[in-house]
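What follows is a short report on a single structure.
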Amino acid sequence: MPSFSRHFFYIRMNNICFSNFGKASLVPSPINQMTAAFSKDFRQGIDINLGVGYVNDETIPHKELQECFQFVLQHPETYKNALNYGSADGSENLRRAIKEYYSRNRIGGLTADVLSKKKICIGANGATSLLDSIAEIMPKGIVITTDPNYYIYIETLQRKGFTICAIPEDSDGMRVDVLEEQLKTIDTESISFFYIVTINNPSSVVMANHRKKQIVQIATNLSRKLNKKIPLIFDKAYEDILFDTSVDSPISAMQYDEDGLVVELGTLSKIIAPALRIGYAISDNSDIMNVLIQKTSDIGFSAPLINEEMASRFLDVYIDEHARRVRLGYKQKADFLRESLNKELGQYLQAYSGGQAGFYFYLTFKNVETHSQSAFFKYLSRTTGDAQIDGTPKNPRLVYVPGEFCVVRNGLSYRLGLRQLRISYGFEDLSILEKSIKLMREATEYSLSLQ
Ligand SMILES: Cc1ncc(COP(=O)(O)O)c(C=O)c1O
């Protein structure tokens with residue numbers, strides 16, 4: 001073949017006409033770029049990763065899951081064709097087991113009677129796939145969410161062409177006074193849906209029940225005014241690991257919902273194991289659920305059936321005791337870290353949240369910037385250019401999630417985000433966590449010394 005035509009062929013092969021979403025996905029998100037750069041030469045046992053949202057490996061019930069696997073395969077009369085294709089809406093055993101887990105533990109205050117009228121569908125690949133499906137089935141428009149926001153999903157929504165209206169939060173969750181003000185300024189006809197994380201990621205702020213009720217009320221009034229239902233998606237990913245017993249138990253948003261706007265999303269990732277990839281939606285038996293099920297079918301059915309059946313067995317037999325152990329484990333880590341934070345960083349912080357649920361602390365510094373160009377960040381990534389600080393080979397590095405990635409660019413919380421960061425204490429053990437707070441103190445003092 002003449003080299004000319006090879007060249008021609010080569011050029012054509014590079015000119016794929018991507019969709020707008022495809023084009024926007026050509027470049028990895030800023031957070032993915034940051035973590036990829038870090039993990040490329042991550043040194044196990046030297047560098048510290050408080051950036052990833054991994055659960056505590058020690059809470060994963062290996063032995064019980066082995067038993068569940070065997071039990072499922074040994075009882076085909078209950079768990080039919082467990083190694084075959086599953087269905088679009090999920091295993092009947094699992095949907096029943098989730099309802100029983102909820103009613104036995106009064107999760108969300110939901111009774112067996114209320115739950116019997118609700119529909120559950122199981123996602124293809126965790127709650128993440130259900131979130132993705134929601135973005136596919138809803139019209140492009142405005143998504144109302146909280147700042148700081150669940151940056152992974154919000155970034156996906158932006159790539160898909162949604163506009164984000166992020167409402168700052170206080171210690172009870174999304175501020176309804178700001179929400180009401182914003183609703184006067186935006187084109188409410190263009191609102192696609194609300195997305196609210198009830199125990200927020202990154203901040204771990206637990207949404208107060210009265211706040212949840214107000215938000216349902218506001219969305220209900222708005223929907224009635226516009227004469228269309230605006231879905232309210234409540235993401236409950238961390239509700240299974242609420243360990244501060246002084247906090248009121250979350251009430252399900254469905255309890256406040258008169259018009260069938262609420263869809264709640266749950267996951268077994270945090271309380272059992274992320275690798276099961278079991279996420280689920282609960283709502284009325286409504287159009288949105290049927291459309292979600294069709295979408296799940298389109299992308300390859302609900303989670304692998306064997307995982308669904310194992311999860312159903314786990315929920316039937318082990319979950320109640322296991323959940324107590326998991327909560328206790330996270331509580332011990334949170335208490336330890338809180339003490340260390342107060343001692344080492346307290347004087348430099350304007351505020352912090354976390355330590356009641358989930359496994360994140362979210363810090364707001366008084367006057368230290370944390371973004372990826374800041375002195376603080378450079379100190380911890382050992383890129384200051386000062387040989388003594390950076391070291392050869394490099395001194396221990398620490399990765400965290402800078403607040404700049406968790407707030408909407410140029411939104412109401414943007415400037416604040418530049419002084420914030422999330423640390424995850426799920427994965428690393430206590431001695432590493434202690435060391436990392438000391439490193440952050442050094443970075444803080446370095447940053448202040450340059451001001
Ligand atoms: C707020 C939030 N929603 C959803 C998820 C995803 O859960 P899953 O593992 O079920 O996809 C996460 C995971 O970290 C999360 O933080």
Side-chain angles (χ1 to χ4, degrees), residues 29 31-32 35 49-57 59-60 90 94 98 101 120-136 143 145-157 164 166 169 173-174 193-207 212 232-242 250 253 263-282 292 295-296 299-300 302-304 307-308 310-311 314-315 326 330 353-354 356-362 400-401 405-407 422-427:
S29 68
I31 182 81
N32 282 354
T35 43
N49 192 346
L50 300 190
V52 286
Y54 278 24
V55 307
N56 182 351
D57 232 16
T59 68
I60 297 179
L94 178 58
I98 291 172
Y101 164 55
I120 293 192
C121 69
I122 311 294
N125 194 7
T128 304
S129 57
L130 289 165
L131 287 170
D132 192 62
S133 297
I134 287 162
E136 285 298 304
V143 175
T145 194
T146 316
D147 246 352
N149 59 61
Y150 178 36
Y151 55 94
I152 294 176
Y153 187 45
I154 296 306
E155 197 273 332
T156 307
L157 288 175
I164 307 298
E169 70 178 356
M174 178 187 279
F193 61 96
F194 285 68
Y195 172 64
I196 292 162
V197 184
T198 59
I199 294 176
N200 199 8
N201 178 2
S203 67
S204 291
V205 164
V206 182
M207 175 166 273
K212 201 182 276 176
L232 264 168
I233 312 298
F234 283 94
D235 181 338
K236 305 181 325 112
Y238 296 90
E239 280 194 20
D240 294 306
I241 43 176
L242 172 59
V263 177
E264 290 193 324
L265 300 182
T267 177
L268 299 185
S269 289
K270 315 293 173 189
I271 195 68
I272 306 180
L276 288 175
R277 306 309 299 130
I278 308 267
Y280 55 91
I282 311 184
L292 271 180
K295 177 67 197 151
T296 302
I299 53 180
S302 56
N307 293 11
E308 294 191 45
M310 283 169 66
F314 194 91
L315 291 177
V326 173
Y330 283 120
S353 55
Q356 298 177 303
F359 38 77
Y360 308 122
F361 274 101
Y362 196 62
Y400 59 85
V401 177
F405 298 138
C406 307
V407 289
R422 187 195 80 174
I423 49 173
S424 167
Y425 55 87
F427 191 65

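As the structure is a prediction and not an experimental result, all values here were calculated from the model. Because only heavy atoms are used, hydrogens play no part in the values below, and waters and symmetry mates are left out as well, while side chains stay in. We count residues from 1, following the sequence as given. Atoms within a ligand are numbered from 1 in the order they appear, just like the ligands themselves.
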Val55 and Ser269: CA distance, side-chain angles, deciding distance, side-chain contact (heavy atoms from CB on, under 4.5 Å) verdict:
CA-CA 8 Å; Val55 307; Ser269 289; 5.7 Å; no
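What you find for Glu308 and Gly90 is that their closest heavy atoms are OE1-CA, 3.2 Å. Contact between Pro304 and Ala124 at its shortest, heavy atoms only, is CD-O, 4.4 Å.
Ring to ring, Tyr54 and Phe359 are not that close: their centroids are 6.0 angstrom or more apart.
Looking at heavy atoms from C-beta onward, Leu242 lies out of side-chain contact with Tyr238 at the 4.5 angstrom threshold.
Protein residues with any heavy atom under 4.0 Å from ligand 1: Gly126, Ala127, Thr128, Tyr150, Val197, Asn201, Asp235, Ala237, Tyr238, Thr267, Ser269, Lys270, Arg277.
Every residue meeting the side-chain contact (heavy atoms from CB on, under 4.5 Å) condition with Ser203, not counting sequence neighbours, appears here in chain and number order: Pro148, Glu169, Asn200, Val205, Ser353, Tyr362.
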